[in-house]
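Quick note on labels: first sequence line is chain A, next is B, and so on, each numbered from 1.
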2 protein chains.
Amino acid sequence: MTQIKQSSRDKILSAAAEVAREAGAGRLSLDAVAARAGVSKGGLLYNFPTKASLMRALVETFLTNFEQELDASHTAQDGLLSAYIKLSAIECAEAQHGATGVLAAIAEDPDFLKPIAAFKRRLLDRLKSESDDFGSLLVIYLALEGMRSLKLFETEVLTSEERDLAVESMLKIGAGRERNSTASL
Amino acid sequence: MTQIKQSSRDKILSAAAEVAREAGAGRLSLDAVAARAGVSKGGLLYNFPTKASLMRALVETFLTNFEQELDASHTAQDGLLSAYIKLSAIECAEAQHGATGVLAAIAEDPDFLKPIAAFKRRLLDRLKSESDDFGSLLVIYLALEGMRSLKLFETEVLTSEERDLAVESMLKIGAGRERNSTASL
DNA sequence: TTGACAATACCGTCCAGACGGTACAGTAGC
DNA sequence: GCTACTGTACCGTCTGGACGGTATTGTCAA
């Protein structure tokens, strides 16, 4: 019972992300999402009573997924910064990811930026506490933010080789500055 | 005559950016823009026959303004990279800038990303030709992209002091790598 | 074991309102 | 008298969401 509910919710959420990517973030309609998810509009509205609740779920699942993956990667041998760099690299190398749905949520209501901003700030503070060179950390943090931004907008500005080179440089800059770490490349 | 037309156009363009920022990028309506600009809807549609043409103008003016400012900053004493870093810093420190309108255009139609991506790629290639250390350049380029992204979404993740520190670090990383003097554009 | 009922998970229809866009008559200033 | 609008009225379309209906599954007393 929870199985069916879960899969239906997930289908809707990924359908929403797909529609947002194809039609444009501001052109996400419930009808289109329902059609994409193979669900009737009534069914969609059963799972998400309002459009706003769908958007909220889109943002929340994205953030919690990311945090879980980050915590999973952040093991003993990898410092948080290295884990964050590598996770971001993997995410940006993937063919598609759920961030386009987040963009749709923001287009719908700019208030959705608040939890995202809080999340980012919390992450930066965590990174800050593990670094000795705040200046370099900031540059790396911003560079990852930039990489994610380019990916988010699906503008293929960088080639995959350039992205790899950028990640390599970041690890080189960041590795030496990580507190108590045996950072490997 | 061109004066009046220009000021009216500009009023509409900045009004569109304001509406986008306040209501959300995906909630930009012509009625709201007209009201904001102190112009009738007829007047707006006289200047911009379709919504798409308004969006196009929003993107174009943003890109051309940026390129003009960059070329103006890029003097003999300042290399292109330094100029780009400083210009980005100034832009991100400003209370508001026109990029929110660009976001609205993207929300309306993802195709508007194409000219933006082309612009970014051209800029990166120009920077590339003036640098000896492509890895560091990429990190700086991405960091500026990230800074602009944070500003674009108006998420005040970084304090102004942190932003200054980041810029300082970028200049430090980038300055030594800049290929001196005669740069062929 | 079965029949009555209830909760879940949808479907299909309908509608008020918002939106982009058109048309056009009027007018202020150069 | 032309340019550059204003103001209003209107149309067709789309959208979010409300609502009533329904099939399936689960629960529980008799």
Met55(B) vs Leu28(B) side-chain heavy atoms within contact, under 4.5 Å: yes
Could you check how far CG of Leu45(B) sits from P of dG20(C), rounded to whole Å? 9 Å
Interatomic distance, Phe48(B) CZ vs dC5(D) C1' [rounded to whole Å]: 14 Å
Rounded to the nearest 0.5 Å, how far does OG of Ser149(A) lie from CE of Met147(B)? 13.0 Å
In whole Å, what is the span from the NZ atom of Lys51(B) to the C1' atom of dA18(C)? 11 Å
From CG of Leu44(B) across to C1' of dT6(D) the rounded distance in Å is 13 Å
Tyr46(A), nearest nucleotide to its side chain (from dA9(C), dC5(D), dA18(D)): dA9(C)
Separation of dT15(D) P from Leu54(A) CG (nearest whole Å): 15 Å
For DNA chain C, find the residues of residues 12-40 of chain B with a heavy-atom distance under 4.0 Å and give them by number; none if there aren't any. Leu28(B), Ser29(B), Leu30(B)
In whole angstroms, the gap separating C1' of dC5(D) from CZ of Arg9(B) amounts to 15 Å
Enclosure of Glu22(B) CD (heavy-atom neighbours >12, cutoff 6.0 Å): yes
Taking only Lys NZ, Arg NE, NH1 and NH2, and the carboxylate oxygens of Asp or Glu, determine whether Glu91(B) and Lys151(B) approach each other closer than 4.0 Å. no
Inspect the contact between Glu162(A) and Arg121(B) and indicate whether a charged nitrogen and a carboxylate oxygen are less than 4.0 angstrom apart. yes
If I take atom CG from residue Asn47(B) and atom CG from residue Leu54(B), how far apart are they, to the nearest 0.5 angstrom? 9.5 Å
base_contact_polar (dG21(C) base, Lys41(B) side chain, donor-acceptor, <3.5 Å): yes
Check whether any side-chain N or O of Ser8(B) sits under 4.0 Å from OP1 or OP2 of dC5(D), and answer yes or no. yes
